[in-house]
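Notes follow the structure.
Throughout, numbering of the chain's residues begins at 1 and tracks the sequence.
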Amino acid sequence: MKKRIIFTFILFLFILSISQPKETLAAECSKTAFSIILKEKTDLKEKKDPASVTVKTLAKGKQLAVVKRKHSWYHVCYNNRPVYVKAHSAKEVFTVDEKGIMNKALKEKGAKQILTVIGEKNTSTSAAIRAYENKYGEWRRVLIKMSGVVGKKGFTNQKSEGDGKTPIGMYAFGTAFGKTKKLDSITWPYKKTTKNDFWVDDPASKDYNKWVRYTGNPDKKWKSYEVMNHPLYRYGAVISYNMDPVIKGKGSAIFLHVWRGRGTSTAGCAATTEKNVVRILSWLDPAKNPQIVLSSKTSLKNL
């Protein structure tokens, strides 16, 4: 009797050990993020290792659901089982809007990194932030999907000073900045801010839409300015809007910076969590001419 009980208990543990992973795997495969299409005959691997067991070999053109990409491997699902595909063997599936942004960035700007800040409508104050990079000969999603906020009056194609709107368009990144010294992870040009750093948004000033270091009383020099060592600018990056040339009254001080919180808005900038801002700054590569796209879904055609 005692042996039977022990045998039953061992059998129960064995069944539990093989059933639990299946449930976990099924749940994992239900959380796919996007799809890829194989560019060639490809081996699905058991592990992220070319020498690991081949689970199945699939023909060129097969579409697979992706859980995530880890470095040079896609973690995909095949027959409700997680397997791995080398990134160079596949291309990601994108929407028409995403393809349009990528083509414009690459052909017109020579960019191989894109950060998009996209709201649903021109009146939206919240936005989805996504990053893309041209790697292994194809555009790929990178980082994670992030939540962000924009101007308190949404987006506009006709930006003017003080309107509370975020300017629609594709722009280069200017210098990154922060209240602390440059993090080792950041290779993008970076300036540490001080109490004497200001961004001038006074249209009557010759310093309009410029970063100025000034040791005097700023209230006597400009009618309007941004204090660059503000807590919301603990980390950030300049967005090169209205800079070449600078047009008086067309809008100024457009940055990517730290938000006040979900459900808030800005005076016209794009903002997200401090962790996300650092993540983005650490990703920016000077050799890849990164661009940022600010737009609603309904205005993407006007970029």
Side-chain angles (χ1 to χ4, degrees), residues 68-71 101-102 105-106 109-119 126-135 139-151 166-167 169-195 197-199 209-213 226-243 252-262 264-295:
K68 61 183 176 181
R69 183 169 66 83
K70 183 74 171 179
H71 302 303
I101 291 170
M102 292 167 186
L106 189 59
K109 309 287 186 177
K112 292 190 174 181
Q113 285 186 328
I114 309 168
L115 188 76
T116 63
V117 183
I118 310 295
S126 61
I129 302 177
R130 294 181 175 88
Y132 307 87
E133 187 166 351
N134 198 292
K135 300 184 70 171
W139 283 102
R140 316 276 175 173
R141 295 168 176 86
V142 293
L143 305 183
I144 60 171
K145 181 180 176 182
M146 297 165 273
S147 296
V149 295
V150 295
T166 297
M170 181 179 293
Y171 309 104
F173 282 94
T175 184
F177 55 83
K179 296 182 68 173
T180 63
K181 68 177 184 178
K182 185 177 183 178
L183 299 174
D184 291 341
S185 61
I186 298 175
T187 59
W188 192 254
Y190 181 93
K191 291 172 69 173
K192 182 180 181 298
T193 59
T194 72
K195 64 180 182 179
D197 287 305
F198 306 94
W199 195 284
N209 203 24
K210 294 178 181 177
W211 183 327
V212 178
R213 185 158 288 181
E226 298 283 330
V227 178
M228 293 304 290
N229 69 339
H230 190 281
L232 294 182
Y233 299 159
R234 179 172 172 78
Y235 290 105
V238 174
I239 296 173
S240 298
Y241 167 77
N242 190 27
M243 290 187 174
S252 62
I254 304 299
F255 310 137
L256 170 70
H257 64 75
V258 178
W259 69 3
R260 289 184 176 85
R262 191 183 300 276
T264 62
S265 58
T266 72
C269 297
T272 184
T273 67
E274 180 177 323
K275 184 176 181 179
N276 286 340
V277 174
V278 171
R279 180 182 281 124
I280 292 165
L281 298 186
S282 300
W283 166 68
L284 294 178
D285 184 346
K288 295 188 175 181
N289 189 26
Q291 303 286 307
I292 182 169
V293 172
L294 306 173
S295 181

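- In this structure a side-chain-to-backbone donor-acceptor pair under 3.5 Å is missing from N289 to Q113.
- Under the 4.5 Å side-chain criterion, counting only non-hydrogen atoms from C-beta, V277 is in contact with T272.
- For the pair T166/V117, no side-chain contact is recorded, criterion being any heavy-atom separation below 4.5 Å from C-beta on.
- Using a 4.5 Å heavy-atom threshold, the side chains of R279 and I144 count as touching.
- Using a 4.5 Å cut-off on side-chain heavy atoms (C-beta onward), W188 and P290 make contact.
- Of the candidates I280, D285, V278, L284, S282 forms a side-chain contact (heavy atoms from CB on, under 4.5 Å) with just one, namely V278.
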Derivation and outcome, side chain to side chain contact (heavy atoms under 4.5 Å, CB included), residues R130 and V142: CA-CA 8 Å; R130 294 181 175 88; V142 293; over 6 Å; no

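- Using a 4.5 Å heavy-atom cutoff, the side chains of L294 and I239 are in contact.
- In this structure the side chain of L232 never reaches within 4.5 angstrom of the side chain of W259, judged on heavy atoms.
- Smallest separation of non-hydrogen atoms from Y241 and P167: CE1-CB, 3.6 Å.
- The distance from atom CE of M228 to atom NE2 of H257, rounded to the nearest 0.5 Å, is 9.5 Å.
- We find the CG-NZ distance between D197 and K179 to be 12.0 Å, quoted to the nearest 0.5 Å.
- Residues K192 and T180 fail the side-chain proximity criterion, which asks for heavy atoms closer than 4.5 Å.
- With a 6.0 Å cutoff to the six-membered ring centre and a 45° limit on the axis angle, K191 counts as a cation-pi contact of W211.
- The structure places CD1 of I114 at 6.0 Å from CE of M102, a figure rounded to the nearest 0.5 Å.
- No more than 12 heavy atoms of other residues, nucleotides or ligands shown are found within 6.0 angstrom of NZ on K68.
- Rounding to the nearest 0.5 Å places CD1 of I101 at 6.0 Å from CE of M170.
- Nearest heavy atoms, G261 versus V149: O-CG1, 4.4 Å.
- Considering CD1 of I254 and OH of Y171, their distance stands at 8.5 Å, rounded to 0.5 Å.
- Closest of all the heavy-atom pairs between A271 and I129 is O-CD1, 4.4 Å.
- To the nearest 0.5 angstrom, S265 atom OG is 7.5 Å from R260 atom CZ.
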Ring pair (Phe, Tyr, Trp, His ring centres under 6.0 Å) for Y235 and F177? Distances and angles first, verdict last. CA-CA 6 Å; Y235 290 105; F177 55 83; 9.3 Å; no

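- Side-chain atoms of R262 do not come within 3.5 Å of backbone N or O of T264 as any donor-acceptor pair.
- Closest approach of E226 and A253 over heavy atoms only: CG-CB, 3.9 Å.
- Here the closest heavy-atom approach between residue L281 and residue A176 is recorded as CD2-CB, 4.0 Å.
- For E133 and W283, the side-chain atoms include at least one donor-acceptor pair closer than 3.5 Å.
- In this structure a side-chain-to-backbone donor-acceptor pair under 3.5 Å is missing from T116 to I118.
- Between N209 and W199, some side-chain heavy-atom pair lies under the 4.5 Å cut-off.
- The heavy-atom pair separating Q291 from A111 by the smallest distance is CG-CB, 3.5 Å.
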Would L115 and V293 satisfy side chain to side chain contact (heavy atoms under 4.5 Å, CB included), going step by step from the backbone distance to the final call? CA-CA 6 Å; L115 188 76; V293 172; over 6 Å; no

